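Predicted model only: the values in this text are computed from it and were never measured.
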Amino acid sequence: MYAKKEAEKLDDVVEYQRRVMEKIKTLSLERLKVVLDFIEYLEEKEEWEATLEVLKDEETMENIKAADDAWEARRMEEFMPWEKVRRDVQDTYSQECSKDI
């Protein structure tokens with residue numbers, strides 16, 4: 001089910017991107033500049049919203065603080081190598097996708 005929903009979302013994204021590109025082709029240079037400014041504003045707004053969401057989550061902030069303290073104290077055994085994280089994420093994603101089949 002998860003993979004199906006994600007595929008539908010991707011289809012929607014592709015369709016909206018296609019429609020946006022069609023419309024952009026018809027705009028004057030001045031309007032293109034306005035569109036670019038608006039897109040950059042939306043990107044920055046999304047980044048700030050994500051940042052605020054993290055900052056409001058007390059548990060996440062405690063985990064970040066603990067990780068910073070461990071890093072400063074050079075307690076490397078508390079950290080997981082990126083290769084293992086990547087494998088874990090790939091394995092989890094594969095398991096989720098296989099549930100939908």
(message) Do Val35 and Val20 make a side-chain contact, defined as non-hydrogen atoms from C-beta onward lying under 4.5 Å apart?
(response) no

(message) With a 4.5 Å cut-off on side-chain heavy atoms, are Glu43 and Glu40 touching?
(response) yes

(request) Return yes when atom CD of Glu77 has more than 12 non-hydrogen atoms of other residues, nucleotides or ligands closer than 6.0 Å, and no otherwise. (result) yes

(message) Tell me if the CD atom of Glu49 is crowded by more than 12 foreign heavy atoms within 6.0 Å.
(response) yes

(message) Less than 4.0 angstrom from a charged side-chain N to a carboxylate O is my criterion; do Arg18 and Glu15 meet it?
(response) yes

(request) Indicate yes or no: at least one non-hydrogen side-chain atom of Asp57 is less than 4.5 angstrom from one of Met61. (result) no

(message) With rounding to the nearest 0.5 angstrom, report the CD to CD1 distance, Gln17 to Ile24.
(response) 10.5 Å

(message) Check this for me: Arg19, atom CZ, are more than 12 non-hydrogen atoms of other residues, nucleotides or ligands nearer than 6.0 Å?
(response) no

(request) To the nearest 0.5 angstrom, please state how far the OG1 atom of Thr51 sits from the NZ atom of Lys56. (result) 12.0 Å

(message) Please determine whether a side-chain nitrogen of the Lys or Arg among Lys65 and Asp69 lies less than 4.0 Å from a carboxylate oxygen of the Asp or Glu.
(response) yes

(message) Could you measure the distance from the CG atom of Leu29 to the CZ atom of Arg31? Nearest 0.5 Å is fine.
(response) 12.0 Å

(message) Is it true that, when you exclude Glu53 itself, more than 12 heavy atoms of the residues, nucleotides or ligands shown sit nearer than 6.0 Å to its CD?
(response) no

(message) Tell me if the CD atom of Glu58 is crowded by more than 12 foreign heavy atoms within 6.0 Å.
(response) no

(message) Quick check: is Trp82 connected to Met80 through a chain of hydrophobic side chains (ILVMFWY, heavy atoms under 4.5 Å apart)?
(response) yes

(message) If I take atom CG from residue Leu27 and atom NZ from residue Lys25, how far apart are they, to the nearest 0.5 angstrom?
(response) 12.0 Å

(request) Could you tell me whether Arg87 and Glu83 have a side-chain N and a carboxylate O separated by less than 4.0 Å? (result) no

(request) Please round to the nearest 0.5 Å and tell me the distance separating atom NZ of Lys84 and atom CZ of Phe79. (result) 16.0 Å

(request) May I ask you to say whether Glu78 pairs ionically with Arg75, meaning some side-chain N is under 4.0 Å from a carboxylate O? (result) yes

(request) To the nearest 0.5 angstrom, please state how far the CD1 atom of Ile39 sits from the CG atom of Leu32. (result) 9.5 Å

